[in-house]
Amino acid sequence: MRRLLPLLSTKPHAGGRSALTCRYRCGDACFQEVPNTSDNEYAGDIIASALSRRSMVRAAAVVTVASAAGAAVLGGPASGQAVAAPLDHPGQKPGKGGRLDGARGLRFEPVAPNKKDKVTVPPGYGQNIVIRWGDPILRGAPAFNAAKQTAKAQAGQFGYNNDFLSLLPLRGERGRQVLVANHEYTDEILMFRGYDPEKPTREQVEIAWAAHGLSVVVVEEERRTGSLTAVSRHHLNRRLTATSLFEMTGPAAGSPLLRTSTDRSGIKVRGTLNNCAGGETPWGTTLHGEENFNQYFANGGSDTDKRYGIVAGPSDRKWERFDKRFDAKREPNESHRFGWVVELDPYDADFVPRKRTALGRFKHEAAAPRLTEDGRPVVYMGDDERFDYFYKFVSSKRMKKGNSRAAREHNLTLLDHGTLYVAKLSADSPQDIDGSGKLPNDGEFDGSGVWIPLATDDTSHVPGMTADEVYVFTRLAGDKVGATKMDRPEDVEPSPRTGRVYLALTNNTDRGKPGKPGADEANPRNLNKHGQILELAENWDDPAGDGFAWRLFLVAGDPKDPSTYFAGFPKDRVSPISCPDNVAFDPHGNLWISTDGNQLGSHDGLFGVATHGERRGELKQFLTVPIGAETCGPVIQDRRVLVAVQHPGEVDGASVEKPASAWPDGRGKMVRPSVVAVWPKDGSNIGV
Ligand code: FEO
Ligand code: CA
Ligand code: CA
Ligand code: CA
């Protein structure tokens with residue numbers, strides 16, 4: 001019989017997540033002390049006085065430019081204001097000509113909040129399971145058999161808890177695409193019959209190592225519908241796990257801070273851990289954030305360990321018993337080799353994935369690139385922790401176009417050279433912010449900001465820290481320069497239409513608690529349960545610049561709650577939403593948002609919202625996921641929507657013996673995290 005740890009039965013749970021999810025996904029991050037105890041204002045003052053007069057003058061000028069540019073670029077409230085179009089929410093019915101109302105790409109009947117144990121989609125849409133945890137993808141891998149699972153089998157099968165998804169073109173193979181998936185974490189209680197958290201076996205631990213990481217699998221569409229099925233044994237299919245070879249690159253690669261007793265080079269790393277969200281680059285590779293890596297390490301103790309949440313004592317999964325690298329006392333630098341952005345070339349089955357040190361080390365939720373006018377990549381990144389920071393990296397090298405070998409090799413160096421920045425936001429109506437979420441008198445939560453440079457290649461911009469220290473202990477660099485403490489920066493995505501950048505801030509129930517920072521204009525609610533989405537405009541043609549303008553696009557929650565805001569769109573015509581997490585754009589320029597931890601009594605879901613035009617702010621729910629699950633990895637193509645249903649059935653008290661969900665295969669079958677495709681049954685495009 002499974003023994004319940006006190007942790008699992010006694011703690012109240014922040015957000016809408018179960019104790020199991022909190023424990024296995026992020027090592028109970030919400031129950032640890034907030035790791036950011038820095039007094040930024042004070043530290044900022046010190047650094048400011050230490051900075052050269054020239055850079056301060058430049059920064060001041062940039063803020064002014066940003067304010068001016070922001071007003072022009074973002075437009076006043078009026079320009080984004082929606083008109084009260086005659087809609088019939090919720091449960092829209094066909095309007096004139098039988099066509100559903102809504103912005104192009106969002107013409108579907110919204111799904112009502114619900115607690116059904118299935119993926120619920122709008123009327124007229126079909127769905128299919130693309131791939132499940134344990135489905136074989138490599139030659140020689142056996143079919144999934146929960147009772148006979150082995151680490152060897154798992155290493156050739158789709159991993160556990162799919163999160164980020166990318167669907168890339170596959171030239172020369174009609175109707176096929178390349179699916180890349182992150183496998184964020186394992187939940188051993190739901191994977192192994194009779195699992196004893198105090199005494200995991202070596203086989204169980206090695207299965208968990210093999211179930212982490214990334215999958216590359218070619219998928220094929222069925223031409224009459226939008227359904228997708230996995231092609232097993234394709235030569236591009238690949239598994240990368242917690243023990244595969246990865247390489248550190250960029251300015252901190254080889255640093256003494258990254259060397260261990262088994263890797264004196266500080267370059268060769270085994271594995272990737274806790275890959276949450278990610279991104280696609282314009283040069284055809286994928287990026288994967290290593291998020292809550294801290295939870296896999298035992299016996300932490302240093303100040304830097306504390307800032308990253310590596311606690312003293314044993315780890316939950318007890319991996320340190322089976323490999324000493326997970327014991328921070330015995331191998332103190334091993335944890336420094338996790339918490340990076342990984343770049344993968346899915347078109348090269350022999351490619352050794354690279355951990356890009358130039359992009360800094362923190363709990364990387366995601367990494368979203370775009371290009372400057374002159375072709376240099378800019379990558380936006382959130383550090384998902386209460387009161388942590390928002391970053392960007394600007395490459396100093398230009399992308400080469402084309403698919404030649406030389407171009408591909410060149411482009412694989414772009415993320416190794418450039419400048420890492422952290423965001424500092426200023427508000428324009430600070431006097432109006434009372435923590436309730438009441439809109440300021442000027443009608444918007446908005447302001448300007450500066451990107452504070454932390455390091456450029458081998459040069460540190462942070463007094464008292466070397467460049468290696470800035471890259472390896474990036475959170476401490478952010479503390480020193482006075483970065484703005486945000487409400488858990490999750491996924492981020494620049495609009496391919498307008499260039500505006502959207503950052504999901506999922507929630508922060510510690511905001512405004514005694515001894516903790518209170519509300520500010522960008523994080524305007526104390527005890528923030530539902531989160532918000534920030535819209536940012538760079539100094540427009542130049543996303544490499546160091547000034548920006550921002551405003552809140554959505555303040556999430558029940559639209560009847562006066563603290564919510566939907567870009568000014570009438571609130572009686574939008575779906576309720578809570579805890580935005582992953583964001584993606586569709587081909588029409590609508591933002592799609594998946595949620596994690598709904599606090600409004602419904603299951604998590606996927607939503608679409610117009611970001612420009614008359615319908616700006618009109619948010620509609622597209623689907624909901626089964627019991628215990630989170631919606632992840634949305635990909636929105638013309639013909640289909642792809643979602644990763646992560647941790648179905650992960651509710652308190654559940655186990656293999658006592659499943660809380662019957663998804664996806666019905667009662668008596670193992671609950672399996674899976675990827676789902678959704679498509680219009682009539683063969684048309686999504687939402688048109
Ligand atoms: Fe893995 Fe921040 O969600
Ligand atoms: Ca304002
Ligand atoms: Ca996430
Ligand atoms: Ca999440």
Side-chain angles (χ1 to χ4, degrees), residues 14-17 21-22 24-27 29-30 67 70-71 74 76-77 161-165 181-185 187 212 273-279 288-295 309 339 362-368 381-386 388 390 425-434 437-449 486-493 503-508 519-524 531 534-535 549-552 555 565 568 579-584 593-597 604 606 629-634 643-644 646-647 650 673:
R17 295 270 65 112
T21 305
C22 292
Y24 283 111
R25 182 180 57 203
C26 29
C30 294
S67 310
L74 285 173
N161 267 347
N162 31 220
D163 195 306
F164 169 73
L165 302 175
N182 281 359
H183 302 292
E184 187 178 18
Y185 70 101
D187 185 330
H212 275 77
L273 290 170
N274 213 261
N275 301 94
C276 193
H288 308 264
E290 293 186 317
E291 195 188 19
N292 294 292
F293 65 92
N294 56 304
Q295 65 181 303
F362 41 92
K363 291 188 181 178
H364 277 287
E365 170 74 21
M381 303 173 285
D383 181 354
D384 180 9
E385 186 93 63
R386 292 163 296 167
D388 256 292
F390 180 39
L425 279 64
S426 324
D428 80 346
S429 341
Q431 69 286 350
D432 296 342
I433 304 302
D434 62 5
K438 185 169 76 68
L439 271 182
N441 291 327
D442 68 359
E444 287 207 283
F445 298 109
D446 59 350
S448 58
M486 307 296 288
D487 287 347
R488 294 187 53 196
E490 291 256 22
D491 200 0
V492 56
E493 199 69 40
L503 171 68
L505 297 153
T506 198
N507 59 50
N508 183 352
D520 59 34
E521 198 159 342
N523 305 278
L534 183 134
E535 179 180 54
W550 64 269
R551 68 183 173 197
L552 293 190
V555 180
Y565 176 72
C579 302
D581 186 340
N582 298 123
V583 284
I593 306 159
S594 61
T595 67
D596 172 16
D604 277 315
L606 178 66
E630 160 186 358
T631 322
C632 292
V643 288
Q646 200 192 41
H647 55 78
E650 193 172 59

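Everything quoted here is computed from the prediction, not taken from an experiment. Each ligand, and each atom within it, is numbered from 1 in the order the structure gives.
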Name whichever N, O or S atom of Asp581 ends up nearest to the Ca ion (ligand 3).
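The Ca ion (ligand 3) is closest to the Asp581 atom OD1, counting only N, O or S.
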Checking distances from the Ca ion (ligand 3), one finds that the N, O or S atom of Glu365 closest to it is OE2
Just to verify, what does Thr21 make a side chain to side chain donor-acceptor pair (under 3.5 Å) with, not counting sequence neighbours?
Ser18, Glu650
Degrees at atom 2 (Fe) of ligand 1 between the OE1 atom of Glu490 and the OE2 atom of Glu291, nearest 10°:
150°
What angle, in degrees and rounded to 10°, do you get at atom 2 (Fe) of ligand 1 when you join it to OE1 of Glu365 and to OD2 of Asp384?
120°
Salt-bridge present (Arg25, Asp163; N to O < 4.0 Å):
no
Taking NZ, NE, NH1 and NH2 as the nitrogens, is one of them in Arg17 or Asp604 under 4.0 Å from a carboxylate oxygen of the other?
yes
For Asn294, enumerate each residue passing the side chain to side chain contact (heavy atoms under 4.5 Å, CB included) test, keeping only those at least two apart in sequence or located in another chain.
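Here the qualifying residues are Asn292, Ile310, Lys363.
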Nearest 0.5 Å, what's the CG-CG distance between Leu505 and Asp487?
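Rounded to the nearest 0.5 Å, the CG-CG separation comes to 6.5 Å.
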Atom CD of Glu365 and atom CG of Leu503: how far apart are they, to the nearest 0.5 Å?
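It comes to 10.0 Å.
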Tyr24 side chain near His647 side chain, heavy-atom distance below 4.5 Å:
no
How about the Ca ion (ligand 2), which protein N, O or S atoms come within less than 3.0 Å?
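Less than 3.0 Å away from the Ca ion (ligand 2) sit Asp428 OD1, Ser429 OG, Asp442 OD1, Asp442 OD2, Glu444 O, Asp446 OD1, Glu521 OE2.
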Taking only residues two or more places apart in sequence, or in another chain, which ones meet Asp388 in a salt bridge (charged side-chain N to carboxylate O under 4.0 Å, His left out)?
Arg307, Arg475
Taking backbone and side chain together, does Asp581 place any N/O/S atom at a distance below 2.8 Å from atom 2 (Fe) of ligand 1?
no
Counting backbone and side chain alike, does Asp491 bring an N/O/S atom below 2.8 Å of atom 2 (Fe) of ligand 1?
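For Asp491, the answer is no, given that no N, O or S atom comes within less than 2.8 Å of atom 2 (Fe) of ligand 1.
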Look at the aromatic rings of Phe164 and His288 and report parallel, tilted or perpendicular, splitting at 30° and 60°.
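Because their plane-to-plane angle is over 60°, the rings of Phe164 and His288 count as perpendicular.
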